[in-house]
Asker: 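I am attaching a structure below and will ask some questions about it afterwards.
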Amino acid sequence: MKTDKEQQRSGLLYGFGAYGIWGLVPLYWPLLKPAGAMEVLAHRMVWSLGVVAIALAFTRRWAWIGELVRQPRRVGLLVLSATTITINWGVYIWAVDSGHVVEASLGYFINPLVTILLGVVLLKERLRAAQWGAVGVGLAAVVVISLGYGQLPWISLVLAFSFGTYGLVKKKINLGGLESLAAETTVLFLPALGFLLWLGATGASTFTTHGAGHAAWLASAGLVTAVPLVLFGASAIRVPLSTLGLLQYLTPVLQLALGVAYFHEAMPPERWAGFALVWVALVVLTWDALRTAHRSRARAGRLRAAAALRRGPAPAAPSAVAPSPPAPAPAASSGGEADTLPGA
């Protein structure tokens with residue numbers, strides 16, 4: 001049986017593995033050329049279903065399917081989540097193939113800010129002052145980067161809003177990572193397979209015309225999709241959410257580093273300034289989240305201590321020897337000790 005420290009250590013390793021793979025995946029998509037972004041996306045959908053079906057068969061996790069199909073509202077939300085992740089995947093693959101890795105990384109940097117904004121607009125959530133400040137700085141960053149590009153960074157915005165919407169919908173569906181991917185790829189399977197068959201019929205498919213190696217690379221898209229998700233699921237049950245929140249920035253950091261150092265994309269001063277503003281917003285957001293979590297834990301600790309004092313000491317265990325004569329009763333007190341604790 002692993003100790004808590006060992007569990008957290010393995011959870012961190014799983015988290016680094018998941019976010020590291022997602023951060024390095026821009027190196028993978030160019031290996032699939034000459035397949036275009038739409039063909040790659042269709043293969044990703046088809047082969048992902050095969051991988052997760054094997055994983056579910058291995059773990060024998062099928063009970064959720066019957067429960068899901070009996071709830072039409074969840075099925076409708078599932079179709080919506082499948083649509084938004086299709087948009088996200090498609091735009092991301094196209095962006096990498098078209099030399100926009102840096103702009104794609106910006107989308108995942110601003111995604112936490114977009115998620116907060118969607119929470120306010122769609123869920124009527126109330127923000128703390130620090131969160132409003134972070135969102136404001138993030139909007140300023142988009143303006144600065146837009147001036148640098150000469151247009152809105154639409155790739156970043158589409159990636160951020162599609163993934164933010166996907167996250168909100170997934171919360172409503174409430175399925176595990178593996179089950180969710182299985183359900184979404186089931187929705188996407190027939191359209192994706194139909195598209196691949198059409199490509200083959202028109203002679204536009206690269207799957208069977210560029211050798212076994214190219215076909216194997218396309219089929220491996222299922223593993224590239226499923227493996228980091230499984231690692232993420234293993235990490236999520238072992239480390240606190242605050243730790244996962246910090247680990248998520250590893251992905252866009254690696255993507256940005258690849259865009260600048262490996263793909264040699266241009267980074268004029270305006271873009272650096274915009275990224276710097278985004279990082280300031282994320283620092284404020286992270287600081288506020290950690291501070292709020294610390295305060296919540298401290299308050300919960302005080303409430304537990306107060307409740308323990310109100311209950312009094314635990315009764316003594318019965319003894320086999322004869323009991324001692326009872327001690328004199330203590331004098332009554334005018335005030336309880338619990339009343340002096342902060343927050344009591």
Side-chain angles (χ1 to χ4, degrees), residues 15 19 22-23 84 88 91-92 100 102-172 236 239-257 259-260 267-302 342-343:
Y19 287 111
W22 283 325
T84 54
N88 186 271
V91 171
Y92 183 72
H100 297 284
V102 169
E103 192 174 348
S105 74
L106 175 64
Y108 294 109
F109 272 123
I110 66 176
N111 174 248
L113 302 172
V114 168
T115 299
I116 289 176
L117 196 59
L118 289 174
V120 173
V121 175
L122 300 178
L123 305 180
K124 309 302 181 186
E125 294 179 354
R126 300 179 67 178
L127 300 187
R128 296 181 294 274
Q131 291 175 310
W132 276 119
V135 170
V137 174
L139 292 175
V142 171
V143 171
V144 170
I145 292 173
S146 299
L147 293 175
Y149 276 106
Q151 62 179 14
L152 275 175
W154 68 269
I155 294 174
S156 306
L157 295 175
V158 170
L159 290 175
F161 276 92
S162 61
F163 201 71
T165 304
Y166 175 68
L168 288 178
V169 175
K170 276 178 71 72
K171 283 183 179 294
K172 297 288 186 182
V239 299
L241 284 177
S242 57
T243 304
L244 276 181
L246 293 174
L247 282 176
Q248 73 174 328
Y249 298 128
L250 177 63
T251 294
V253 165
L254 288 173
Q255 292 173 352
L256 174 62
V260 175
M267 280 296 287
E270 298 86 358
R271 291 184 198 171
W272 280 119
F275 271 86
L277 285 173
V278 170
W279 295 329
V280 168
L282 293 178
V283 167
V284 172
L285 197 62
T286 303
W287 167 79
D288 178 69
L290 293 175
R291 182 188 62 167
T292 303
H294 175 74
R295 287 180 174 177
S296 298
R297 286 194 298 268
R299 178 171 176 78
R302 291 195 299 268

Asker: How close do V284 and A130 get, heavy atom to heavy atom, and via which atoms?
Answerer: CG1-O, 3.5 Å
Asker: I would like to know whether L157 and I110 meet side chain to side chain contact (heavy atoms under 4.5 Å, CB included); could you show each step before the answer?
Answerer: CA-CA 8 Å; L157 295 175; I110 66 176; 4.0 Å; yes
Asker: Find the distance between CD (Q248) and OG1 (T286) and round it off to the nearest 0.5 Å.
Answerer: 8.0 Å
Asker: State, with a plain yes or no, whether a side-chain heavy atom of I155 is found less than 4.5 Å away from one of Y92.
Answerer: no
Asker: Would a 4.5 Å heavy-atom cut-off, applied to side chains only, mark V114 and L118 as touching?
Answerer: yes
Asker: Taking the six-membered ring for Trp, are Y108 and Y19 closer than 6.0 Å centroid to centroid?
Answerer: no
Asker: Taking the side chain as every heavy atom from C-beta outward, state whether L106 and V142 have any pair of such atoms under 4.5 Å apart.
Answerer: no
Asker: Please say whether more than 12 non-hydrogen atoms of neighbouring residues, nucleotides or ligands are located less than 6.0 Å from CH2 in W154.
Answerer: yes
Asker: Looking at G107 and A160, what are the two nearest heavy atoms and their distance?
Answerer: O-CB, 3.4 Å
Asker: So how far is it from L254 CG to W22 CH2, rounded to the nearest 0.5 Å?
Answerer: 13.0 Å
Asker: To the nearest 0.5 Å, what is the distance between OH on Y166 and CG on N111?
Answerer: 12.0 Å
Asker: Which distance, rounded to the nearest 0.5 Å, do you find between the CD of Q151 and the CD1 of I145?
Answerer: 12.5 Å
Asker: Is the closest side-chain heavy-atom distance between I116 and L285 below 4.5 Å?
Answerer: yes
Asker: I'd like to know whether W279 forms a side chain to side chain contact (heavy atoms under 4.5 Å, CB included) with V253, so could you lay out the CA-CA distance, the side-chain angles of the two residues, the decisive distance to 0.1 Å, and finally the verdict.
Answerer: CA-CA 11 Å; W279 295 329; V253 165; 5.7 Å; no
Asker: With a 4.5 Å heavy-atom cut-off, do P112 and Y249 have their side chains touching?
Answerer: yes
Asker: Looking at every heavy atom in both Q131 and R126, which two are closest together, and how far apart are they?
Answerer: OE1-O, 4.5 Å
Asker: Does T84 reach the side chain of N88, with side-chain heavy atoms less than 4.5 Å apart?
Answerer: no
Asker: Drop me the distance from L277's CG to L282's CG, to the nearest 0.5 angstrom.
Answerer: 11.0 Å
Asker: Measure across A281 and G138 and return the closest heavy-atom pair with its distance rounded to 0.1 Å.
Answerer: CB-N, 4.0 Å
Asker: So F275 and F109, would you call those rings parallel, tilted or perpendicular, with 30° and 60° as cut-offs?
Answerer: perpendicular
Asker: Do T115 and F163 come within less than 4.5 Å of each other through their side chains, counting heavy atoms only?
Answerer: no
Asker: Could you report the tightest heavy-atom contact between G15 and L247, atom names first, then the distance?
Answerer: CA-CD1, 4.0 Å
Asker: I want to check something: taking the side chain as every heavy atom from C-beta on, are V102 and V260 in contact at a cut-off of under 4.5 Å?
Answerer: yes
Asker: Which heavy atom of A141 sits nearest to which heavy atom of G274, and what is that distance?
Answerer: CB-O, 3.4 Å
